[in-house]
Visitor: 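Submitted below is the structure of interest, expressed as structure tokens.
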Amino acid sequence: MRIEFDIPMKVFSINQMSARDQRFKTAAYKDWATAILQFLQEMPEYKELLDMAADFKDKGGQFFVSFTAFYPPHIFYTKQGSISSKTVDCTNFGKPLLDLIFGNTMDVNDKNVVECTKRKAAGASFFIKVTIEMRPLNMRF
């Protein structure tokens with residue numbers, strides 16, 4: 001089972017999630033998370049996510065996830081043509097998204113994600129392309 005969808009928002013860096021320590025989330029993160037969760041609940045693929053979660057809870061499996069953060073070209077590139085520091089490091093934006101999609105929306109522990117790839121690229125606007133695939137467990141030892 002495979003689901004693909006686009007979230008028409010910027011990614012959020014894990015570096016900006018917490019204020020004093022991990023227990024205290026910033027107002028900016030709370031606003032972003034609320035907007036993401038609202039979008040997920042209203043998107044056409046929402047029922048597919050819930051069906052995937054129910055199928056996982058019934059049969060088990062493992063998840064393969066891919067995130068691509070798109071930026072407008074004038075944000076993505078500097079005037080010299082290099083990657084701008086205005087973009088979020090690929091290693092910093094996956095966890096907030098995983099938590100919102102798997103934990104808050106699907107009610108599935110993200111420990112079941114066995115592969116998570118993150119990319120960033122220039123695109124027409126800010127958006128996040130998400131691909132989630134669920135496969136049976138490989139029980140080979």
Side-chain angles (χ1 to χ4, degrees), residues 1-57 59-141:
M1 179 177 242
R2 180 183 175 106
I3 301 171
E4 290 186 14
F5 55 92
D6 294 342
I7 301 173
M9 294 175 216
K10 296 179 185 180
V11 290
F12 199 90
S13 175
I14 198 166
N15 294 340
Q16 298 174 348
M17 275 180 63
S18 301
R20 289 178 278 177
D21 60 41
Q22 294 296 332
R23 295 174 296 155
F24 301 98
K25 303 299 183 211
T26 62
Y29 171 74
K30 289 177 185 178
D31 291 344
W32 178 81
T34 299
I36 293 285
L37 290 172
Q38 181 176 354
F39 174 81
L40 291 172
Q41 290 174 1
E42 295 173 358
M43 70 178 189
E45 298 85 0
Y46 179 69
K47 185 179 178 329
E48 290 178 65
L49 276 180
L50 298 182
D51 290 346
M52 180 183 276
D55 197 35
F56 170 78
K57 290 171 187 174
K59 300 175 187 169
Q62 56 191 342
F63 293 95
F64 296 78
V65 178
S66 172
F67 297 125
T68 304
F70 287 93
Y71 297 83
H74 70 280
I75 302 287
F76 190 75
Y77 297 109
T78 65
K79 289 180 181 174
Q80 295 76 30
S82 63
I83 306 299
S84 171
S85 60
K86 295 177 184 176
T87 65
V88 175
D89 293 349
C90 288
T91 55
N92 290 350
F93 68 79
K95 184 62 174 161
L97 282 168
L98 275 178
D99 287 346
L100 294 171
I101 294 169
F102 280 84
N104 294 74
T105 303
M106 297 172 67
D107 192 30
V108 170
N109 191 320
D110 62 359
K111 75 174 185 178
N112 296 291
V113 174
V114 297
E115 181 177 298
C116 183
T117 58
K118 296 165 292 293
R119 313 177 34 227
K120 59 185 177 181
S125 62
F126 286 107
F127 72 98
I128 308 161
K129 177 169 279 311
V130 179
T131 304
I132 302 171
E133 185 173 353
M134 188 181 77
R135 299 180 197 161
L137 282 173
N138 249 345
M139 298 299 284
R140 297 182 193 154
F141 294 99

Visitor: Rounded to the nearest 0.5 Å, what separates atom CD in E45 from atom CG in L50?
Guide: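 The CG atom of L50 is 12.0 Å from CD of E45, to the nearest 0.5 Å.
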
Visitor: Measuring from atom CG of L40 to atom CD1 of I7, what distance do you get when rounded to the nearest 0.5 angstrom?
Guide: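 Rounded to the nearest 0.5 Å, the CG-CD1 separation comes out at 5.0 Å.
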
Visitor: Starting at CG of L100, measure out to CE of M106 and round the result to the nearest 0.5 Å.
Guide: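 Rounded to the nearest 0.5 Å, the CG-CE separation comes to 13.0 Å.
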
Visitor: Which atom names give the shortest non-hydrogen contact between F102 and D110, and what distance separates them?
Guide: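 So the two residues come closest at CB-CB, 4.2 Å.
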
Visitor: To the closest 0.5 Å, what do you measure between NZ (K120) and CZ (F76)?
Guide: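 One finds 6.0 Å between NZ of K120 and CZ of F76.
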
Visitor: What is the ring orientation for F56 with F63, classed by angle as parallel under 30°, tilted 30 to 60°, or perpendicular over 60°?
Guide: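 Rings of F56 and F63: tilted, 30 to 60°.
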
Visitor: More than 12 heavy atoms of other residues, nucleotides or ligands under 6.0 Å from NZ of K86: yes or no?
Guide: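 Counting other residues, nucleotides and ligands, NZ of K86 stays at 12 neighbours or fewer.
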
Visitor: Quick one: do N92 and Q16 satisfy side chain to side chain contact (heavy atoms under 4.5 Å, CB included)? Show the steps, please.
Guide: CA-CA 10 Å; N92 290 350; Q16 298 174 348; over 6 Å; no

Visitor: Between P73 and A122, what is the shortest heavy-atom contact and its length?
Guide: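 Here P73 and A122 meet closest at CA-CB, 4.3 Å.
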
Visitor: Which residues pass the side chain to side chain contact (heavy atoms under 4.5 Å, CB included) test with A35, not counting sequence neighbours?
Guide: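 Only M9 meet the side chain to side chain contact (heavy atoms under 4.5 Å, CB included) criterion with A35.
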
Visitor: Say you draw a straight line from OG of S84 to OH of Y77; how long is it, rounded to the nearest 0.5 Å?
Guide: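 It is 11.5 Å, given to the nearest 0.5 Å.
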
Visitor: How close do F12 and P96 get, counting heavy atoms only, and between which atoms?
Guide: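 What the structure gives for the nearest pair is O-CG, 3.8 Å.
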
Visitor: Quick one: list whatever passes side chain to side chain contact (heavy atoms under 4.5 Å, CB included) with C116, sequence neighbours left out.
Guide: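 With neighbours one apart ignored, the set is V65, F67, L98, V113, K118.
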
Visitor: Is the distance from the ring center of Y71 to that of F126 below 6.0 Å?
Guide: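 Yes - the distance between ring centres of Y71 and F126 falls below the 6.0 Å cut-off.
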
Visitor: Give a yes or no on whether K129 atom NZ has more than 12 heavy-atom contacts from other residues, nucleotides or ligands under 6.0 Å away.
Guide: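 It does: K129 NZ has more than 12 such atoms within range.
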
Visitor: Would you please test L49 and I132 for side chain to side chain contact (heavy atoms under 4.5 Å, CB included) and show each step?
Guide: CA-CA 9 Å; L49 276 180; I132 302 171; 3.9 Å; yes

Visitor: Hey, could you give me the CE/CD distance between M43 and Q41, rounded to the nearest 0.5 Å?
Guide: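 Going from the CE atom of M43 to the CD atom of Q41 covers 10.0 Å.
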
Visitor: Is a donor on one side and an acceptor on the other found under 3.5 Å between the side chain of D89 and the backbone of T91?
Guide: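 No; zero donor-acceptor contacts below 3.5 Å.
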
Visitor: Please report the closest heavy-atom contact between G61 and N112, naming both atoms and the distance.
Guide: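 Closest approach of G61 to N112, heavy atoms only: O-OD1, 4.5 Å.
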
Visitor: List the atom of F39, the atom of D6, and the distance in Å for their closest heavy-atom pair.
Guide: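 Distance-wise, the nearest heavy atoms are CZ-O, 3.2 Å.
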
Visitor: When you measure from the side chain of S13 to the backbone N and O of V88, does any donor-acceptor pair fall under 3.5 Å?
Guide: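 No.
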
Visitor: Please check this pair: side chain of Q62 against backbone of P136, looking for a donor-acceptor N/O pair closer than 3.5 Å.
Guide: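 Yes: the side chain of Q62 pairs with the backbone of P136.
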
